[in-house]
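First the structure, then my questions, so here it is.
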Amino acid sequence: MFKADNQSGKEPFTIMMPPPNVTGALHMGHALQGAVQDSIIRIKRMQGYEALWLPGTDHAGIATQNVVEKNIKKEHKLNRHDLGREKFVEKVWEWKQKYGDIITGQYKKLGTSCDWSRERFTMDEGLSKAVQETFIRLHNEGLIYKGNYLVNWCPTDMTAISDEEVDHVERKGQLWYVHYPLAEVTAKKTGQKYITIATTRPETIPADAAVSVNPEDKRYTDFIGGEVEIPTTGRLVPIIADEYIKPEFGTGALKVTPAHDQNDFDIGKRHNLEVINIINKDGTLNDSAGAYAGMDRFDARKKIAEDLEEEGLIEKVEDYVNQVGISGRSGTIIEPLLSDQWFVNMKPLARKAMDASKEGEFQFFPPRWNSEFHRWMENIRDWVISRQLWWGHRIPVWYFTKKDGTIDTTKDYIVSIDQPETGMIQDPDVLDTWFSSWLWPFSTLGWPDEDAQDYQKFYPTSVLISGYDILFFWISRMIMGGLHFTDKAPFRDIFMTGIVKDKIGRKMSKSLNNGIDPLELIDQYGADAVRYSLIVLCAQGQDIKLDPRRFEMGRNFANKLWNAFRLLHMHMDENVTYSNTLDTDTNNLTDRWMISRIHQTIEAVDEDLSRYRLNEALMKIYGLLWDDYCDWYLELIKPEYGDTMDRETVDRAINIYEILLKLLHPFMPFITEEIWHSAREREVSGALIKAPWPVNKSEDIYKEDGRLFITIQRMVSSIRNIRAEMNVPDNLEISVLIKAKDEVTAKALSENHVIFKKLLRLESFEVSSDADRPKGSASAVVDGSQVFVPLIGIIDIDKERGRIEAEVKRLKGFLKSVNAKLQNEKFVANAPEPVVEKEHKKKADTEVN
RNA sequence: GGGUGAUUAGCUCAGUUGGUUUAGAGCACCUGCCUUACAAGCAGGGGGUCACAGGUUCGAGUCCUGUAUCACCCACCA
């Protein structure tokens with residue numbers, strides 16, 4: 001049904017679904033973005049584009065590996081090492097086959113019209129080929145390199161992670177002030193016995209390579225060049241000067257630990273310091289930590305602090321709150337650890353992205369993200385792409401081995417997809433998940449085969465819809481990757497949605513247990529209602545604080561839509577073939593008004609949609625259906641008690657209704673399609689999903705009639721108001737006399753007296769341009785005309801006086817502001833003509849008495 | 001430390017390049033209605049000095065500056 005044709009002559013419109021993790025279940029963010037994407041793709045399909053919405057899933061390296069590992073531990077009491085790499089990866093694939101469809105199945109419940117025949121997975125054959133190809137290309141271009149650097153190491157997942165995957169959180173800790181005894185010569189020179197440093201991480205003391213002070217710091221001038229003895233090991237290290245040190249912090253002296261801190265690593269490089277690694281990959285201390293070897297890093301912290309205390313080396317301990325990096329995945333505190341990793345040099349890629357952004361090759365909606373993106377590109381750092389995992393794309397790099405089977409480090413590696421020579425072994429690491437995701441917009445279409453028909457037809461894609469939370473992980477990398485590998489921005493527009501939060505504004509998360517399951521909502525309210533509410537709530541990338549009660553709005557609206565159809569259906573005759581197009585040539589004021597309202601709305605809706613203001617568009621359609629069509633149009637054409645609607649009326653009403661169905665279909669596909677087929681006999685090819693989007697053909701059609709009808713609406717409302725305010729009994733018929741502002745109006749109102757009679761319980765209805773106010777009547781002013789309702793014997797004079805006084809006060813205030821404007825010469829001189837004209841009209845309509 | 005967003009009715013929020021009545025919606029509230037499409041509804045109503053202080057303009061919820069509060073993002077302060 002939704003299969004896109006890469007051979008069609010239609011202009012393509014493409015959306016790539018951000019691939020959810022195979023491990024995942026549909027959450028509110030997916031539901032929101034799914035609803036938005038589906039609405040857009042359905043609109044484009046109706047507008048005649050060759051619309052492709054390509055779905056898929058992401059292998060999600062760490063996340064999936066963790067889930068499967070937990071699973072085999074629970075079921076078989078085994079860890080992945082017990083199974084071995086090959087067996088384990090097999091298990092993950094099994095798991096993927098078994099559970100990978102869950103989330104796509106959930107997407108289907110939302111009513112998403114993806115092209116499931118093109119569903120992709122980030123580790124399927126084609127995408128793997130693209131990944132290997134890009135690795136090799138980047139390597140050949142010198143943009144991928146291997147290096148031994150400090151990386152963010154997660155001791156739980158036992159892998160390096162990228163800077164973007166590290167979250168910074170405030171943690172309470174302590175700041176220990178530790179005495180470092182001075183070497184004899186230095187002690188003599190300075191007249192001091194020790195130098196005091198402040199540290200939050202005493203467990204790294206055995207890895208200290210120096211103590212550093214600021215060269216400008218007078219307190220320590222004599223210390224520079226001296227030596228100091230490291231507590232716990234007694235090793236002697238130099239006292240150096242470096243401008244990085246801030247004299248005002250702590251004691252102004254810093255312990256330098258190049259192996260376990262990024263800044264210290266940099267200082268170490270500048271001063272050629274020894275790098276002493278004392279922490280293992282699992283977070284325990286190694287043999288270089290001496291007596292503390294084998295202890296966990298946090299136990300060691302405690303123990304070393306105690307030992308220092310015992311030795312009398314602690315001057316004081318302060319409570320201290322600092323930022324620590326934790327793994328976004330496991331929550332474990334990150335350990336900066338020295339290791340061999342693969343990196344991508346991002347600066348050249350970012351350069352291209354910034355240039356393309358300046359050229360306007362792609363646009364963010366809302367636009368503020370353009371500058372956010374730019375800022376990010378300017379500060380880009382190299383990307384650690386290797387992960388010490390088993391689940392993912394293997395790195396296409398091969399090493400020569402020595403006789404014992406270990407890597408021969410004296411020989412260079414070879415970059416290749418297949419084993420270049422027998423005996424060579426492949427790099428054990430896999431690539432970061434995002435290294436496949438960043439190719440998603442084109443790898444899914446057959447790239448690197450640039451002649452692939454899908455790639456030719458559907459690339460570059462039209463719009464990307466995503467939450468801003470993955471702007472830096474994914475979106476910016478897709479832009480860089482797209483520009484680098486295909487020379488094109490992978491999408492023209494980027495619509496950033498907000499993040500769905502809970503009722504009180506917290507992110508939905510498993511740990512808080514504040515998530516709302518979209519499937520439960522769908523069961524409770526229906527998919528259309530959920531979609532409706534999500535889209536109405538989704539305003540211009542603003543976060544959504546979600547109260548489940550908001551879905552009642554959608555449910556009630558779907559209900560209204562259904563009930564409106566029931567009314568028409570009651571009056572439809574099975575034996576009659578109704579026309580299939582709306583004949584706009586009509587003399588009936590109500591029809592003319594409704595037609596003009598529809599065209600106004602279509603115009604406004606198209607405008608809103610072109611800027612991704614789906615919420616505005618949908619609210620306008622809501623008002624059109626509920627307020628205009630149901631509350632006025634249907635009420636007016638509805639026949640009296642036992643009567644039936646004449647054929648012509650039904651014909652027109654059903655045709656108007658079907659325009660509303662078309663406008664609503666992209667947002668509420670289920671109910672609209674169902675009613676569409678209940679309304680008439682239709683072929684499958686005549687499904688609403690394939691119907692053409694309504695076109696706003698005639699600007700300002702029946703504009704004057706529309707205005708007249710609105711005046712009548714106001715008159716009806718003010719008469720109803722009088723009835724209510726004056727407590728006129730419901731069954732009492734009243735008379736209405738209208739003193740129209742001029743002859744033309746009088747004639748027009750008089751011609752449409754049936755509208756008044758239909759909507760008001762009237763005994764008599766009179767209009768003239770020169771009537772007198774009847775005695776004992778309530779009155780109202782509407783658009784320059786006066787409405788009188790004689791209520792002798794019923795009217796409460798005091799109440800009516802109060803009502804009128806309030807009204808007069810309101811009108812006078814209004815008139816005053818209008819007059820102020822019109823008497824202001826500058827206003828008349830500067831304001832555009834239509835604005836001044838409007839003020840004149842306001843004045844004319846207000847001044848009656 | 002840098003940046004972004006938010007602050008509008010009791011609540012949750014819309015409000016487009018400044019100018020259709022003196023700011024809207026849904027929910028909640030008040031009054032009257034089980035009127036054969038719909039009580040998940042109909043009709044009527046109350047409720048806001050648009051966070052605060054200045055400024056620009058004929059005209060500011062909307063643009064500018066500053067302040068306050070909240071939220072988020074980025075950053076190497078031991």
Side-chain angles (χ1 to χ4, degrees), chain A residues 168 175 197-201 212 244-246 248-251 253-257 261-266 320 322-323 325 336 366 368-369 371-372 375-376 379 468-469 471-472 498-499 501 503 505-507 533 536-537 539-547 549-550 552-553 555-571 604 607-608 611 613 615-616 619 622-623 630-631 634-635 638 641-642 717 720-725 727 729-730 759 783 810-811 813-814 816-818 820-821 824-832 834-839 841-842 845-846:
Chain A
H168 294 275
L175 193 57
I197 60 93
T199 180
T200 55
R201 299 198 60 191
S212 182
Y244 166 76
I245 285 82
K246 298 196 168 129
E248 67 280 4
F249 189 91
T251 61
L254 171 74
K255 73 194 253 324
V256 183
T257 321
D261 184 279
Q262 185 61 51
N263 296 311
D264 292 10
F265 183 78
D266 296 341
Y320 188 70
N322 65 339
Q323 298 268 324
R368 63 184 150 90
W369 290 104
S371 49
E372 195 79 11
R375 212 178 340 269
W376 181 257
N379 297 312
Y468 62 79
D469 52 339
L471 174 60
F472 305 128
I499 305 298
K501 310 240 178 108
K503 218 168 157 176
R506 299 172 305 180
K507 260 190 170 172
S533 295
V536 162
L537 293 173
Q540 284 299 291
Q542 223 48 55
D543 287 351
I544 297 172
K545 272 193 268 176
L546 195 65
D547 183 339
R549 294 201 55 192
R550 296 300 294 262
E552 290 177 11
M553 201 197 325
R555 181 200 56 186
N556 294 354
F557 184 57
N559 206 253
K560 190 75 179 174
L561 183 65
W562 177 248
N563 280 311
F565 174 67
R566 280 185 52 208
L567 174 66
L568 296 181
H569 197 66
M570 279 173 61
H571 296 282
E607 165 70 16
D608 287 335
R611 298 193 218 174
R613 281 197 280 258
N615 62 326
E616 291 286 323
M619 283 192 291
Y622 175 98
C630 291
D631 288 348
L634 288 184
E635 286 302 321
K638 199 160 75 174
Y641 303 111
S717 290
R720 282 171 172 168
N721 172 250
I722 287 169
R723 279 195 85 118
E725 294 279 315
N727 296 317
D730 281 332
L759 298 175
D783 294 343
R810 192 184 70 83
L811 290 174
F814 177 59
K816 198 175 154 191
S817 81
V818 172
K821 273 187 207 168
N824 185 334
E825 284 170 28
K826 286 181 179 170
F827 171 76
V828 180
N830 293 326
V835 175
V836 179
E837 202 142 309
K838 264 173 209 157
E839 294 299 322
K841 187 168 185 321
K842 283 189 214 168
D845 284 351
T846 311

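Computed from heavy atoms alone, side chains included, the values below leave out hydrogens, waters and symmetry copies. These numbers come from a predicted model, not from an experiment. Each chain gets a letter, A, B and so on, in the order the sequences are listed, and its residues count up from 1.
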Which residues pass the ring pair (Phe, Tyr, Trp, His ring centres under 6.0 Å) test with A:His569, sequence neighbours left out?
A:Phe565

Could you list the residues that satisfy side-chain contact (heavy atoms from CB on, under 4.5 Å) with A:Asp608, not counting sequence neighbours?
A:Arg613, A:Glu616, A:Ala617, A:Lys620

Phosphate OP1/OP2 of B:G45 contacted by A:Asn721 side-chain N/O (<4.0 Å):
yes

Just the table, please: protein N/O against nucleotides 32-42 of chain B N/O, every pair under 3.5 Å.
unit_1	atom_1	unit_2	atom_2	d
B:A37	O2'	A:Asn563	OD1	3.2
B:A37	O2'	A:Arg566	NH1	3.3
B:A37	N6	A:Cys630	O	3.2
B:A37	N6	A:Glu635	OE2	3.1
B:A37	N3	A:Asn563	O	3.0
B:A37	N3	A:Ala564	N	3.4
B:C38	O4'	A:Asn563	OD1	3.2
B:C38	O4'	A:Asn563	ND2	3.4
B:C38	O2'	A:Asn563	ND2	3.1
B:C38	O2	A:Lys560	NZ	2.7
B:C38	N3	A:Lys560	NZ	2.9
B:A40	O4'	A:Asn556	OD1	3.4
B:A40	N3	A:Arg555	NE	3.2
B:G41	OP1	A:Asn556	ND2	3.2
B:G41	O3'	A:Lys560	NZ	3.1
B:C42	OP1	A:Lys560	NZ	3.0
B:C42	OP1	A:Trp626	NE1	2.6
B:C42	OP1	A:Asp631	OD1	3.4

What are the atom names and distances for every N/O pair under 3.5 Å that joins the protein to nucleotides 68-71 of chain B?
none

Under the side-chain hydrogen bond (donor to acceptor under 3.5 Å, both in side chains) rule, collect the residues that match up with A:Glu725, sequence neighbours excluded.
none

The criterion is side-chain hydrogen bond (donor to acceptor under 3.5 Å, both in side chains); which residues satisfy it with A:Lys246, sequence neighbours excluded?
none

Atom C1', compared across B:A23 and B:C64: separation rounded to whole Å:
23 Å

Name the stems with RNA chain B in them: runs of three or more consecutive Watson-Crick or G-U pairs, distances under 3.5 Å?
B:1-7 with B:68-74, B:10-13 with B:24-27, B:29-33 with B:41-45, B:51-55 with B:63-67

Regarding A:Asp266, tell me which of base, sugar-phosphate or nothing describes its non-hydrogen contacts under 4.0 Å with the strands shown.
nothing

Which residues share a side-chain hydrogen bond (donor to acceptor under 3.5 Å, both in side chains) with A:Tyr320, sequence neighbours left out
none

Between B:G44, B:U12, B:A78, which one does the side chain of A:Thr200 approach most closely?
B:A78

Partners of A:Arg566 by side-chain contact (heavy atoms from CB on, under 4.5 Å), sequence neighbours excluded?
A:Trp562, A:Asn563

Just call it for A:Tyr320: base, sugar-phosphate, or nothing, with non-hydrogen atoms closer than 4.0 Å on any strand.
sugar-phosphate

Which residues share a ring pair (Phe, Tyr, Trp, His ring centres under 6.0 Å) with A:Phe265, sequence neighbours left out:
none

Where do N or O atoms of nucleotides 3-9 of chain B meet protein N or O atoms at under 3.5 Å, pair by pair?
unit_1	atom_1	unit_2	atom_2	d
B:G3	O2'	A:Arg375	NH2	3.1
B:G5	O2'	A:Gln542	NE2	2.9

Report each atom pair, protein N/O against N/O of nucleotides 15-19 of chain B, whose distance is under 3.5 angstrom.
unit_1	atom_1	unit_2	atom_2	d
B:U16	O4'	A:Arg613	NH1	3.3
B:U16	O2	A:Arg613	NE	3.4
B:U16	O2	A:Arg613	NH2	2.5
B:U16	O4	A:Lys620	NZ	3.3

Could you measure between the two P atoms, the one in B:C58 and the one in B:C42, and give it in whole Å?
46 Å

